[in-house]
Amino acid sequence: MTILVTGGAGFIGSNFVYYLLEKHPEDKIVCVDVLTYAGNMATLRQAMQNPQFRFYKTDITDRQGINDIFEKEHPDIVVNFAAESHVDRSIENPEVFLKTNILGTQVLMDACRKYGIRRYHQVSTDEVYGDLPLDRPDLFFTEETPIHTSSPYSSSKAGADLLVLAYHRTYGLPVTISRCSNNYGPYHFPEKLIPLMIANALADKPLPVYGKGENVRDWLYVEDHCKAIDLIIRNGKVGEVYNVGGHNEMKNIDIVKLICKELGKPESLITFVTDRKGHDLRYAIDPTKIHNELGWLPDTKFEDGIKKTIQWYLDNKDWWQEIINGEYQNYYEKMYGNR
Ligand code: NAD
Ligand code: TDX
């Protein structure tokens, strides 16, 4: 089987590529990534040595380029990770989010219709459900929770989800969607909370916590997300949405304190800064459906996953230092300089 993975040079896509190469060595993996600021060939160095793996530097909004790849590679399954993924960037500049996340999804699905496909899988997010109040721990997002977005990022992801379901209903395209909670693990780009705090703490730099740090996120080790997607593309029901999450809710401030503790750094590095605009309060996934239908359960507990992740950043300083020494410095100054 040939699986086309878009966004495979990013955080979750690359972890998925490595997951497939190990778990299904019989499958051919075709990776499509345009290598934005978030895509990194260093991440795919090992995959590039594998004869089952092939890479195309192509934009998912480039219809001709995508059609050419379909004609050449005849993918059986497409898994779309390619996206602009950072909420703060979407607040600064929404346009590219709409282009990549919505129009890119359309171009991929049009190619699927044109050339035929066994499955188109859309990697979506719990953020499409908006947020939950902090004082109602009894509430969770189910697949029936209405779409109710807060940021340009989550709106673009929700728009794509609606389009995917419309392509199923209107054209009969065999689609599935997964909506996962916050991931963490190796190759996470250092603009995101956990790797940013690790990198700053190691450099004894301030740790910028938005607002009071009371916002809650539901963290899942990236490999468990990969396992869920692999199950959905092989055994999931066409036309269905599956929520993915491991019931691991934590306040941001507690995560940052934990990182300080693990690295032996003082909590005095924590600096409270101006809150994110429209900041979602709490995300919490109810994963009952994927558990009952596909037998999915996470393997990695947060206590172990965060230790493994911190160790990975200690062992792979070259990977992230190269990033933060480049264009990232301008980004950091712009976002945090006067915050
Ligand atoms: P990321 O930003 O680390 O990686 C995105 C990748 O997509 C990069 O390699 C980038 O080069 C590529 N890309 C961007 N625009 C492209 C384009 N126009 N054409 C081709 N490639 C393009 O993102 P991530 O955190 O790995 O997220 C992957 C997917 O998972 C996204 O769709 C995101 O919405 C979703 N998701 C992420 C999380 C999370 O916690 N990170 C949680 C749930 C869902
Ligand atoms: O410097 C920071 N300080 C801070 O307090 C950063 C970068 C973040 N935060 C807060 C904001 C959030 O409440 O930490 C929390 C996590 O922030 P991000 O890492 O930016 O993730 P989030 O906004 O929750 O979105 C992530 O999960 C869902 C991914 O980036 C999305 O792609 C995914 O869909």
Side-chain angles (χ1 to χ4, degrees), residues 5-17 31-41 43-44 56-62 65-66 79-91 96-97 99-101 103-105 107-108 122-128 131 150-151 153-154 156-157 160-161 177-185 187-197 200 206-220 222 225 229 243-245 250-253 255-256 270-276 278-283 285 332 335-336 339:
V5 177
T6 70
F11 165 44
I12 309 175
S14 62
N15 276 281
F16 187 66
V17 163
C31 176
V32 174
D33 197 303
V34 77
L35 302 176
T36 66
Y37 78 92
N40 190 343
M41 281 315 280
T43 303
L44 291 174
Y56 291 89
K57 183 176 183 309
T58 302
D59 194 317
I60 59 163
T61 66
D62 170 4
I66 292 297
V79 184
N80 181 25
F81 291 91
E84 288 293 332
S85 68
H86 193 35
V87 173
D88 292 327
R89 288 185 192 254
S90 83
I91 294 168
V96 66
F97 283 75
K99 183 168 183 244
T100 292
N101 299 3
L103 295 180
T105 297
V107 167
L108 289 171
Q122 179 74 359
V123 180
S124 186
T125 168
D126 59 359
E127 297 198 19
V128 302
D131 62 355
S150 311
S151 70
Y153 162 70
S154 55
S156 68
K157 293 296 290 184
D161 281 15
I177 297 177
S178 52
R179 295 185 179 143
C180 190
S181 60
N182 284 61
N183 286 213
Y184 69 100
Y187 301 117
H188 204 180
F189 194 84
E191 68 191 345
K192 307 284 167 53
L193 180 77
I194 288 180
L196 184 145
M197 296 300 166
N200 280 19
L207 306 177
V209 172
Y210 299 166
K212 294 192 181 125
E214 298 286 314
N215 304 61
V216 170
R217 295 293 182 266
D218 183 0
W219 295 94
L220 184 72
V222 62
H225 185 188
I229 295 172
N243 281 357
V244 184
M250 289 185 75
K251 286 184 191 168
N252 294 338
I253 187 69
I255 298 252
V256 179
I270 296 173
T271 312
F272 293 96
V273 300
T274 309
D275 210 351
R276 175 183 279 173
H279 199 172
D280 279 336
L281 294 172
R282 169 176 170 250
Y283 302 144
I285 281 279
Y332 198 87
M335 296 303 235
Y336 296 93
R339 196 154 184 154

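Both ligands and their constituent atoms are indexed starting at 1 by order of listing. As the structure is a prediction and not an experimental result, all values here were calculated from the model.
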Selected option - heavy-atom contact closest to atom 21 (O) of ligand 2, from Asp88, Asn182, Leu193
Asn182
Nearest to atom 18 (N) of ligand 1 by heavy atom, Asp33, Asp59, Val34, Val32: which?
Asp59
Any N or O of Cys180 that comes nearer than 3.5 Å to an N or O of ligand 1?
no
For His279, take its heavy atoms, then give the atoms of ligand 2 lying under 4.0 Å from any of them.
11 (C), 12 (C), 13 (O)
Closest heavy-atom pair and its distance - Pro195, Pro190
CB-CA, 3.8 Å
Pair Ile270-Ile253, side-chain contact (heavy atoms from CB on, under 4.5 Å): steps then yes or no:
CA-CA 9 Å; Ile270 296 173; Ile253 187 69; 4.0 Å; yes
Thr61 (side chain) donor-acceptor with Leu103 (main chain) under 3.5 angstrom:
no
Counting heavy atoms only, which of Gly10, Ser85, Ser150 comes nearest to atom 31 (C) of ligand 2?
Ser85
Leu35 heavy atoms within 4.0 Å reach ligand 1 at atoms 11 (O)
List the steps and the verdict of side-chain contact (heavy atoms from CB on, under 4.5 Å) for Ile91 and Arg276.
CA-CA 9 Å; Ile91 294 168; Arg276 175 183 279 173; 3.7 Å; yes
Shortest reach to atom 20 (O) of ligand 2 by a heavy atom, considering only Arg339, Lys192, Arg276, Glu214
Arg276
May I ask you to check if ligand 1 and Thr61 share an N or O to N or O distance below 3.5 Å?
no
Best match, Leu44, Ile12, Thr125: closest heavy atom to atom 37 (C) of ligand 1:
Ile12
Considering only heavy atoms, does Val87 approach ligand 2 within less than 4.0 Å through its side chain, its backbone, both, or neither?
side chain
Please check if the side chain of Asn182 supplies one atom and the backbone of Arg217 the other of a donor-acceptor pair under 3.5 Å.
no
Numbering as shown, the atoms of ligand 1 that approach Tyr153 to under 4.0 Å (heavy-atom distance):
33 (C), 34 (O)
Which protein heavy atom lies closest to atom 3 (N) of ligand 2, and at what distance to 0.1 Å?
Pro208 O, 2.8 Å
Report the nearest protein non-hydrogen atom to atom 10 (C) of ligand 2: residue, atom name, distance rounded to 0.1 Å.
Asn252 ND2, 3.4 Å
Whether Asn183 side chain and Ser181 backbone form a donor-acceptor pair below 3.5 Å:
yes
By the definition side-chain hydrogen bond (donor to acceptor under 3.5 Å, both in side chains), identify the one residue from Asn80, Asp161, Thr105 that meets it with Ser124.
Asp161
Below the 3.5 angstrom mark, is there an N/O of Lys192, backbone or side chain, next to an N/O of ligand 1?
no
Please confirm whether Thr36 comes within less than 3.5 Å of ligand 1 when only nitrogen or oxygen atoms on both sides are compared.
yes
Looking at non-hydrogen atoms alone, which of Ala160, Ser124, Ala38, Gly245 comes nearest to atom 44 (C) of ligand 1?
Ser124
Is there a polar contact, in the sense of an N or O pair closer than 3.5 Å, between Thr100 and ligand 1?
yes
Which atom names give the shortest non-hydrogen contact between Pro206 and Pro208, and what distance separates them?
O-CD, 3.3 Å
Which ligand 1 atoms are under 4.0 Å away from a heavy-atom of Phe81?
28 (C), 29 (C), 31 (C), 32 (O)
Could you check whether Arg89 makes a cation-pi contact with Tyr37, meaning its NZ or CZ is under 6.0 Å from the centre of the six-membered ring and within 45° of the ring axis?
yes
Please state whether Phe189 comes within less than 4.0 angstrom of ligand 1, counting heavy atoms only.
no
Non-hydrogen atoms of Gly245 and Ile285 that approach each other most closely
N-CG2, 3.5 Å
Kindly confirm or rule out an N or O of Lys157 lying under 3.5 angstrom from an N or O of ligand 1.
yes
In terms of atom number and element, which parts of ligand 2 are under 4.0 angstrom from non-hydrogen atoms of Tyr336?
1 (O), 2 (C), 6 (C), 7 (C)
Sub-4.0 Å heavy-atom approach of Thr58 to ligand 1
yes
Quick check on contacts: which atoms of ligand 2 are under 4.0 angstrom from a heavy atom of Val209?
5 (O)
Against heavy atoms of Glu191, which atoms of ligand 2 measure under 4.0 Å?
7 (C)
Side-chain donor-acceptor contact under 3.5 Å, Asn200 with Tyr336:
no
Starting from atom 5 (O) of ligand 2, find the nearest protein heavy-atom neighbour and note its residue, name and distance.
Tyr210 N, 2.8 Å
Output yes when a side-chain donor or acceptor of Thr125 lies under 3.5 Å from a complementary backbone atom of Arg179, and no otherwise.
no
Distance alone, cut at 3.5 Å: any donor-acceptor contact between the side chains of Glu84 and Tyr153?
no
Can you tell me if Asn15 uses its side chain to pair, donor with acceptor, with the backbone of Val222 under 3.5 Å?
no
Ligand 1 contacted by Gly8 (non-hydrogen, < 4.0 Å):
no
Number the atoms of ligand 2 from 1 as they appear, then name those within less than 4.0 Å of a heavy atom of His86, with their elements.
20 (O)
Find all atoms of ligand 2 within a distance of less than 4.0 Å from any non-hydrogen atom belonging to Tyr153, and give their numbers and elements.
31 (C), 32 (O), 33 (C), 34 (O)
Quick note on ligand 2: atoms under 4.0 Å from a heavy atom of Thr125 include exactly 28 (C), 33 (C), 34 (O)
Matching residue for Val209 among Asn215, Asp275, Val256, Leu193 - test: side-chain contact (heavy atoms from CB on, under 4.5 Å):
Val256
Might you point out which heavy atoms bring Cys31 and Leu44 nearest each other, and give the distance in Å?
SG-CD1, 4.2 Å
Heavy-atom contacts with Ser85 under 4.0 Å: which atoms of ligand 1 show up? List them by number with element.
1 (P), 2 (O), 23 (O)
Applying a strict 4.0 Å limit to heavy atoms, is Gly104 in contact with ligand 1?
no
Would you say Tyr37 contacts ligand 1, with heavy atoms under 4.0 Å as the rule?
no
Using the side-chain contact (heavy atoms from CB on, under 4.5 Å) rule, take Asn40 and Tyr187 through it: C-alpha gap first, then chi angles, then the decisive distance, then the call.
CA-CA 9 Å; Asn40 190 343; Tyr187 301 117; over 6 Å; no
Strictly under 4.0 Å, does any heavy atom of Ser14 approach an atom of ligand 1?
no
Between Arg339 and Thr271, is the side-chain contact (heavy atoms from CB on, under 4.5 Å) condition met? List the steps.
CA-CA 10 Å; Arg339 196 154 184 154; Thr271 312; over 6 Å; no
Out of all atoms in ligand 1, which are within 4.0 Å of some heavy atom of Asn182? Include the element for each.
40 (O)
Residue Lys99 excluded, over 12 heavy atoms near NZ under 6.0 Å:
no
Looking at atom 28 (C) of ligand 2, what's its closest protein heavy atom, distance included?
Glu127 OE2, 2.9 Å
Heavy-atom nearest option to atom 14 (C) of ligand 1, drawn from Ala83, Gly185, Ser181
Ala83
Could an N or O of ligand 1 be found under 3.5 Å from any N or O of Asn183, whether backbone or side chain?
yes
